A.B. asks: 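My questions all concern the structure below.
Convention: sequence-line order gives letters A, B, ...; per-chain numbering from 1. The structure presented is a predicted model; accordingly, all values stated were derived computationally and were not measured.
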Amino acid sequence: MKIATWNVNSLKVRLPQVLDWMAANPEVTALCLQETKMDDPVFPQAEIEAAGYHVAFAGQKTYNGVAIIARAPIEDVVINVPGFDDPQKRLITATVNGVRLIGAYIPNGQDLESDKYPYKLAWLEALLQWLQAQLQQYPQLALLGDYNIAPEDRDVHDIKKWAGGVLVSPPEREAFARMLALGLSDAFRHFEQPEKSFSWWDYRGFSFKKNAGLRIDHILMSPALLARCSSCVIDVEPRKHERPSDHTPVIATLD
DNA sequence: ATGGCTACTTCTAGTAGA
């Protein structure tokens with residue numbers, strides 16, 4: 001079984017690509033999506049189910065929105081962090097094949113002076129509390145999604161250009177480190193990887209062609225799940241297609 | 001170099017993404 005995450009930057013635009021990708025990746029049991037940008041009443045549930053999948057989702061108009069598409073039933077779904085009052089839909093938690101999946105679209109933060117930056121840090125605090133509680137209940141757990149954090153300098157194509165800004169600021173990286181301190185591991189870094197591996201490239205300035213990207217989409221795993229994990233890769237293929245998302249899928253193989 | 005590119009909504013120009 002494989003689990004995956006993909007920020008699709010509008011499911012309305014990318015649904016055909018998502019269905020094609022699932023068909024091309026038959027071992028993927030569950031795919032977490034971010035930035036669906038669709039309110040629940042217009043979510044393409046019927047199309048996804050007609051293609052043979054289970055789906056759970058929590059969306060809003062224009063911004064954010066998360067979903068899980070799976071080849072197995074999706075159980076015990078929780079939307080957002082209970083008790084954390086958040087009008088934005090950025091978190092979906094569910095169990096698929098006995099694995100607890102937390103699909104996250106962590107806030108971008110915009111810049112260090114923006115109101116969105118303290119929102120990002122508060123959001124990360126709430127996520128950390130939720131992670132801690134879920135880990136106690138579900139030993140086999142993965143946190144998958146768009147973290148909007150490049151954990152290390154090697155995850156940034158040009159650290160001089162990004163240094164001191166959002167996505168790499170010390171408080172954000174400390175929040176990431178605190179996830180690791182809970183016992184989680186960055187599945188991608190658990191294996192040998194090519195240098196300059198990224199999961200996002202700006203649409204502008206031929207960034208993908210120049211591989212001027214960031215690694216901000218991650219799969220963190222609990223010890224019990226990491227023990228079952230044999231690989232973790234970034235799939236750059238969809239970024240080459242017509243009208244791509246600016247993010248690419250990240251896939252982990254289990255068992 | 002504050003541009004560049006894409007998606008969205010509806011003051012089709014302005015916001016947001018990262």
Side-chain angles (χ1 to χ4, degrees), chain A residues 5-18 21 32-44 57-67 86-91 103-124 127 144-173 175-176 188 196-219 234 236 238-250:
Chain A
T5 177
W6 191 5
N7 179 327
V8 291
N9 184 20
S10 167
L11 188 59
K12 184 177 180 179
V13 173
R14 237 68 69 184
L15 179 62
Q17 292 186 37
V18 169
W21 189 86
C32 297
L33 301 177
Q34 301 87 39
E35 285 206 86
T36 57
K37 299 187 178 179
M38 306 178 94
D39 213 349
D40 291 347
V42 295
F43 190 90
F57 50 92
Q60 64 182 90
K61 207 174 165 184
T62 314
Y63 303 115
N64 313 310
V66 284
D86 186 4
Q88 304 187 18
K89 296 291 192 297
R90 293 178 172 275
L91 197 74
Y105 177 44
I106 293 175
N108 171 281
Q110 198 165 53
D111 61 64
L112 271 55
E113 283 71 44
S114 167
D115 290 345
K116 292 169 189 169
Y117 185 69
Y119 167 70
K120 180 177 193 172
L121 297 181
W123 202 95
L124 283 163
L127 176 62
L144 316 85
D146 176 359
Y147 285 56
N148 273 314
I149 299 172
E152 299 176 60
D153 287 355
R154 62 177 166 163
D155 300 315
V156 181
H157 69 96
D158 181 354
I159 191 60
K160 283 177 189 160
K161 183 179 171 182
W162 290 84
V166 78
L167 312 188
V168 302
S169 75
E172 296 167 65
R173 285 181 165 178
F176 189 88
F188 188 76
K196 297 184 165 97
S197 289
F198 306 123
S199 67
W200 171 87
W201 299 261
D202 200 307
Y203 283 122
R204 299 163 291 184
F206 302 100
S207 297
F208 182 62
K209 199 174 180 179
K210 294 191 282 194
N211 196 27
L214 305 173
R215 193 178 71 94
I216 52 177
D217 300 87
H218 311 294
I219 302 177
I234 295 169
V236 297
R239 192 65 175 77
K240 302 173 183 172
H241 293 173
E242 290 273 313
R243 273 191 108 178
S245 169
D246 43 358
H247 296 253
T248 59
V250 183

A.B. asks: Could you tell me the separation between the CG atom of A/Leu167 and the C1' atom of B/dA16, rounded to a whole number of Å?
C.D. replies: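 My rounded result for the distance is 13 Å.
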A.B. asks: So, OP1 or OP2 of B/dA7: does either fall under 4.0 Å of a side-chain N or O from A/Arg14?
C.D. replies: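 For B/dA7, OP1/OP2 do have a side-chain N/O of A/Arg14 under 4.0 Å.
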A.B. asks: In whole Å, what is the span from the CD1 atom of A/Ile106 to the P atom of B/dG17?
C.D. replies: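 So the CD1-P distance, A/Ile106 to B/dG17, works out to 14 Å.
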A.B. asks: Any strand counts, and the cut-off is 3.5 Å on both contacts for Watson-Crick or G-U wobble. Which nucleotide pairs with B/dA18?
C.D. replies: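 Its partner: none found.
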A.B. asks: With sequence neighbours excluded, tell me which residues meet ring-ring contact (aromatic ring centres under 6.0 Å, His included) with A/Phe43.
C.D. replies: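 In terms of ring-ring contact (aromatic ring centres under 6.0 Å, His included), with neighbours along the sequence ignored, A/Phe43 is linked to A/Phe57.
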A.B. asks: B/dG3 and B/dA18: how far apart are their C1' atoms, nearest whole angstrom?
C.D. replies: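 Straight-line distance between the two C1' atoms is 16 Å.
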A.B. asks: To the nearest Å, how far apart are A/Asn64 CG and B/dA18 C1'?
C.D. replies: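 That distance rounds to 14 Å.
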A.B. asks: With A/Asp153, which of A/Lys160, A/Arg173, A/Arg215 fulfils salt bridge (Lys or Arg N to Asp or Glu O under 4.0 Å)?
C.D. replies: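 Option passing the salt bridge (Lys or Arg N to Asp or Glu O under 4.0 Å) with A/Asp153: A/Arg173.
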A.B. asks: Using the C1' atom as the point on both nucleotides, what is the distance between B/dT2 and B/dG14, in whole Å?
C.D. replies: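 16 Å, rounded to whole Å.
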A.B. asks: OP1 or OP2 of B/dG17 sitting under 4.0 Å from any side-chain N/O of A/Lys116?
C.D. replies: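 The answer is yes; a side-chain N or O of A/Lys116 sits under 4.0 Å from OP1 or OP2.
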A.B. asks: Measure the shortest side-chain to side-chain distance between A/His247 and A/Ile216 over non-hydrogen atoms and say whether it is less than 4.5 angstrom.
C.D. replies: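 Result yes, sub-4.5 Å side-chain heavy-atom pair found.
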A.B. asks: So does A/His247 get a side-chain nitrogen or oxygen closer than 4.0 Å to the phosphate oxygens (OP1/OP2) of B/dA18?
C.D. replies: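 Answer is yes, contact under 4.0 Å.
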A.B. asks: Roughly how far apart are A/Trp21 CH2 and A/His241 NE2, rounded to 0.5 Å?
C.D. replies: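 Answer for the CH2-NE2 pair, A/Trp21 versus A/His241, is 12.0 Å.
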A.B. asks: Starting at the 5' end of DNA chain B and moving along, which residue's nearest nucleotide shows up first, A/Gly205 or A/Gln88?
C.D. replies: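 Comparing both residues, the 5'-ward one is A/Gly205.
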A.B. asks: Would you say A/Arg204 places a side-chain N or O within less than 4.0 Å of OP1 or OP2 belonging to B/dG17?
C.D. replies: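 Indeed not, no polar side-chain atom of A/Arg204 lies that close.
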A.B. asks: Using a cut-off of less than 4.0 Å, is there contact between a side-chain N or O of A/Tyr105 and OP1 or OP2 of B/dA16?
C.D. replies: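 Result: no.
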A.B. asks: Measure the distance from NE2 on A/His218 to C1' on B/dA18 and round it to the nearest whole Å.
C.D. replies: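 Going from A/His218 (NE2) to B/dA18 (C1'), I get 13 Å.
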A.B. asks: Mind calculating the distance between NE2 (A/His241) and P (B/dT6) to the nearest angstrom?
C.D. replies: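 One finds 17 Å between P of B/dT6 and NE2 of A/His241, rounded.
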A.B. asks: For the side-chain contact (heavy atoms from CB on, under 4.5 Å) test, which of A/Leu167, A/Asp115, A/Asn108 pairs with A/Lys120?
C.D. replies: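 Passing option: A/Leu167.
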A.B. asks: Please determine, for the side chain of A/Tyr63, which listed nucleotide (B/dT6, B/dA16, B/dA18) has the closest atom?
C.D. replies: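 Of B/dT6, B/dA16, B/dA18, B/dA16 is nearest to the side chain of A/Tyr63.
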A.B. asks: Between B/dC11 and B/dA16, how far apart are the P atoms? Round to whole Å, please.
C.D. replies: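 Nearest-Å result for B/dA16 against B/dC11 at atom P: 16 Å.
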A.B. asks: Given B/dA18, B/dG17, B/dA7, which nucleotide is nearest the side-chain atoms of A/Lys37?
C.D. replies: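 The closest nucleotide is B/dA7.
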A.B. asks: With a 4.5 Å cut-off on side-chain heavy atoms, are A/Tyr117 and A/Ser169 touching?
C.D. replies: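 When only atoms from C-beta onward are counted, A/Tyr117 and A/Ser169 do touch, with a gap below 4.5 Å.
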A.B. asks: Return the value, rounded to whole Å, for the distance between atom CH2 of A/Trp200 and atom P of B/dT6.
C.D. replies: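 It works out to 13 Å between those atoms.
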A.B. asks: Can you tell me the Watson-Crick or wobble partner of B/dC11, both distances under 3.5 angstrom?
C.D. replies: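 In the structure as shown, B/dC11 has no Watson-Crick or wobble partner.
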A.B. asks: Mind checking A/Asn108 for me? I need base, sugar-phosphate or nothing, with any heavy atom below 4.0 Å counting as a touch.
C.D. replies: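 Here A/Asn108 touches the bases of the nucleic acid.
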A.B. asks: For the residue pair A/Asp86 and A/Tyr119, what are the closest heavy atoms and their distance?
C.D. replies: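 Looking at all heavy atoms of both residues, the shortest contact is OD1-OH, 3.0 Å.
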A.B. asks: Which part of the nucleic acid, if any, lies within reach of A/Asn7 when heavy atoms closer than 4.0 Å are counted: base, sugar-phosphate only, or nothing?
C.D. replies: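 The answer is sugar-phosphate, as A/Asn7 gets under 4.0 Å only of primed atoms, P, OP1 or OP2.
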A.B. asks: Nearest heavy atom decides the nucleotide; on that basis, is A/Arg243 or A/Pro107 closer to the 5' end of DNA chain B?
C.D. replies: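 Here A/Arg243 is the residue nearer the 5' end.
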A.B. asks: With respect to the phosphate group of B/dG4, does any side-chain polar atom (N or O) of A/Ser207 fall under 4.0 Å of OP1 or OP2?
C.D. replies: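 Answer no for this pair, as no side-chain N or O of A/Ser207 is under 4.0 Å from OP1 or OP2.
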A.B. asks: Base, sugar-phosphate alone, or nothing: which one does A/Tyr147 contact when heavy atoms must sit under 4.0 Å apart?
C.D. replies: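 The answer is nothing, as A/Tyr147 stays clear of every strand by at least 4.0 Å.
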A.B. asks: Between atom OH in A/Tyr203 and atom P in B/dT15, what is the gap in whole Å?
C.D. replies: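 Those two atoms, OH and P, are 21 Å apart.
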A.B. asks: Kindly say if A/Asn9 contacts the phosphate of B/dT6, meaning a side-chain N or O under 4.0 Å from OP1 or OP2.
C.D. replies: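 Looking at the OP1 and OP2 atoms of B/dT6, neither is under 4.0 Å from any side-chain N or O of A/Asn9.
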A.B. asks: Roughly how far apart, to the nearest Å, are B/dG4 and B/dG17 at atom C1'?
C.D. replies: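 Here B/dG4 and B/dG17 have their C1' atoms 14 Å from each other.
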A.B. asks: Ignoring the backbone of A/Lys61, work out which of B/dG17, B/dT9, B/dC8 is nearest its side chain.
C.D. replies: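 When the side chain of A/Lys61 is considered, B/dT9 is the closest of B/dG17, B/dT9, B/dC8.
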A.B. asks: How long is the line joining NZ of A/Lys12 and C1' of B/dC8, in whole Å?
C.D. replies: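 The answer, rounded to whole Å, is 9 Å.
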A.B. asks: NA contact type, A/Val166, heavy-atom cut-off 4.0 Å: base, sugar-phosphate, or nothing?
C.D. replies: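 If one applies the 4.0 Å heavy-atom cut-off, A/Val166 turns out to touch nothing in the nucleic acid.
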